[in-house]
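Side-chain atoms are counted along with the backbone in the values below, which use heavy atoms only and exclude waters and symmetry mates. All residue numbers in this chain count up from 1 along the given sequence. For ligands, and for the atoms within them, numbers begin at 1 and follow the listed sequence.
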Amino acid sequence: MYKKIHLIVLDSVGIGEAPDAADFGDKGTHTLKHTLESHPNTLPNLAKLGLGNIDKLPGVDKQDSTTGFYTKMQEVSKGKDTMTGHWEIAGLNIDTAFKVYPDGFSDELLNKITEATGRGIIGNKPASGTDIIEEFGEHQIETGDLIIYTSNDPVLQIAANEEVIPLDELYDICEKVREMTKEAEHLVGRVIARPFVGSKKGEFKRTENRHDYALEPFGRTVLNALKDDNKDVIAIGKINDIFTGSGITDAVRTKSNDDGVNKLLEVMDRDFNGLSFLNLVDFDAEYGHRRDPVGYSNALKAFDDRLPELTDKLTEDDLLIITADHGNDPTYTGTDHTREYVPLLVTTGRELNFGEIDQCATFSNIAATVAENFGVDYETHGESFLKDIK
Ligand SMILES: O=P(O)(O)O[C@H]1O[C@H](CO)[C@@H](O)[C@H]1O
Ligand SMILES: [Mn+2]
Ligand SMILES: [Mn+2]
């Protein structure tokens, strides 16, 4: 048994098309490979754990012997969004896909929003968040309208210039819209506040004040099982939002990938018994959705550079698990997530017989492993790999 498990989700860092990728329009996608092909970088520290042994990746050398256990995991849930991926990691199988809105939201919902907020609405279509503020940012300054948009994900995003619609008001609007979109008819996975600044086209820039309003997970996750058993569940970064605080005992905010690593290092120094769970969202939000392979590749390098700080801290009490929640191939068409396998890398301060472990048929093998490690009562269709890491 490990006293502390540290789980890191490299948001969107997929490792090649899943067997059902074609059903999602994602045939041939490979976030890691295509990113590193487009903009070469070496990732020696991830390589040491076994990343280059999972699949052939430029700049990630295959090792004769690794300092981690490695394999890849397949997603069983019928969605490739962040909530679905994280909830499956935490033990759920989301077998009914979330509704998406390729033609925008209904007039009925938009009217309700206007009635409740007193503000008009512009946009109402799938879009990239940086494009849509260019398109409607000036209109918003003139009218005070809300810029509402969506994507291939089950999200309703509200972009607002902080000088036109103050943050408090935007958050208040998002809370109201969250209430309106909890039931089947207008269901969305997440309402997201997307504040930005700037006074004219070409100068608009999103700020760090983004806030996500998710739904309660659709079932009991391993986080709930841990919390109910008086274990610590420390959420770092977006994790608290993704689980709406359910099963979480402490939440730490982050500003960036780099800050996320800093916060995890601080958490590792705490005396706790349970799980720390970190999401590094920049890969996805800053580079994957922006179809920026150069930025993506450099972000991978930046994480790789900092990885030894984390692994050097591991004692016999710690288990470190690194994975992802879906792909987001920055070289692929569109600006959405891609249906991919995700890497699984596991290491510890213990001297173990590291190497390949069986491929995981579901992300929920992580939940099963965490539950078994802490001896908590938790039912999931995932299978624990604890027996393989010795
Ligand atoms: O283009 P931006 O606004 O970054 O939106 C992206 O962010 C959303 C939430 O992560 C995704 O659904 C995607 O649409
Ligand atoms: Mn994600
Ligand atoms: Mn995303």
Side-chain angles (χ1 to χ4, degrees), residues 7-15 24 26 29 31 73 75 77 79-90 94 97-102 104-105 123-137 146-160 170 174 178 181 188-196 204-215 237-239 241-243 254 257 260 277-292 295-296 299 322-330 332 334-340 342-343 363:
L7 173 56
I8 305 180
V9 174
L10 309 177
D11 202 302
S12 88
V13 180
I15 193 154
F24 292 82
D26 295 335
T29 54
T31 301
M73 306 202 295
E75 184 163 27
S77 295
K80 53 175 177 173
D81 59 282
T82 288
M83 282 161 64
T84 299
H86 282 77
W87 291 0
E88 185 168 319
I89 288 169
I94 307 305
F98 276 108
K99 205 156 124 188
V100 290
Y101 297 88
F105 302 98
N124 194 33
K125 60 181 180 182
S128 148
T130 41
D131 292 348
I132 203 143
I133 58 177
E134 281 301 298
E135 189 177 351
F136 297 117
L146 302 172
I147 301 172
I148 291 189
Y149 67 105
T150 185
S151 71
N152 257 349
D153 276 348
V155 293
L156 186 158
Q157 313 209 62
I158 308 182
L170 175 63
C174 288
R178 176 67 284 179
T181 54
V188 295
R190 266 183 298 164
V191 174
I192 313 181
R194 304 308 294 255
F196 63 97
F204 296 121
K205 204 176 170 325
R206 300 201 291 192
T207 69
E208 283 166 357
N209 297 318
R210 164 186 176 158
H211 194 76
D212 294 42
Y213 302 77
L215 288 174
K238 258 173 52 163
I239 297 297
D241 290 340
I242 293 167
F243 290 90
T254 63
N257 277 2
F277 193 173
L278 164 67
N279 170 286
L280 296 178
V281 75
D282 291 356
F283 299 112
D284 179 75
E286 300 291 327
Y287 311 114
H289 288 296
R290 308 281 80 82
R291 292 300 188 252
D292 173 3
Y296 205 126
I322 301 175
T323 190
D325 55 341
H326 50 74
N328 198 346
D329 186 336
Y332 198 55
T335 60
D336 287 308
H337 296 168
T338 46
R339 180 72 162 185
E340 295 185 42
V342 298
F363 296 179

Between Thr130 and ligand 1, which part of the residue brings a heavy atom under 4.0 Å of the ligand: side chain, backbone, both or neither? neither
Answer side chain, backbone, both or neither: which part of Arg206 comes under 4.0 Å from ligand 1, heavy atoms only. side chain
Any heavy atom of Ile192 sitting closer than 4.0 Å to ligand 1? yes
Counting only heavy atoms, tell me which of Lys238, Arg194, Met83, Arg290 gets closest to atom 1 (O) of ligand 1. Arg290
Geometry at the Mn ion (ligand 3) - His289 NE2 versus His337 NE2 angle, rounded to 10 degrees: 90°
Output yes when Lys80 and Glu75 qualify as a salt bridge under the 4.0 Å nitrogen-oxygen rule, no when they do not. no
Answer with side chain, backbone, both or neither: which part of Glu286 has a heavy atom less than 4.0 angstrom from an atom of ligand 1? neither
For Arg206 and Thr130, test the side chains for any donor-to-acceptor distance below 3.5 angstrom and give the result as yes or no. no
Do any nitrogen or oxygen atoms of Asp336 lie less than 3.5 angstrom from nitrogen or oxygen atoms of ligand 1? no
Closest Asp284 atom to the Mn ion (ligand 3) [N, O or S only]: OD2
Backbone or side-chain N or O of His337 under 3.5 Å from ligand 1 N or O: no
For atom 10 (O) of ligand 1, what is the closest protein heavy atom, and at what distance to 0.1 Å? Arg210 NH2, 3.4 Å
Nearest to atom 12 (O) of ligand 1, what protein heavy atom do you find, and at what distance? Asp153 OD2, 2.7 Å
Would one find an N or O of Gly129, backbone or side chain, under 3.5 Å from an N or O of ligand 1? yes
So, Asp26 versus His337: side-chain donor-acceptor pair below 3.5 Å or not? no
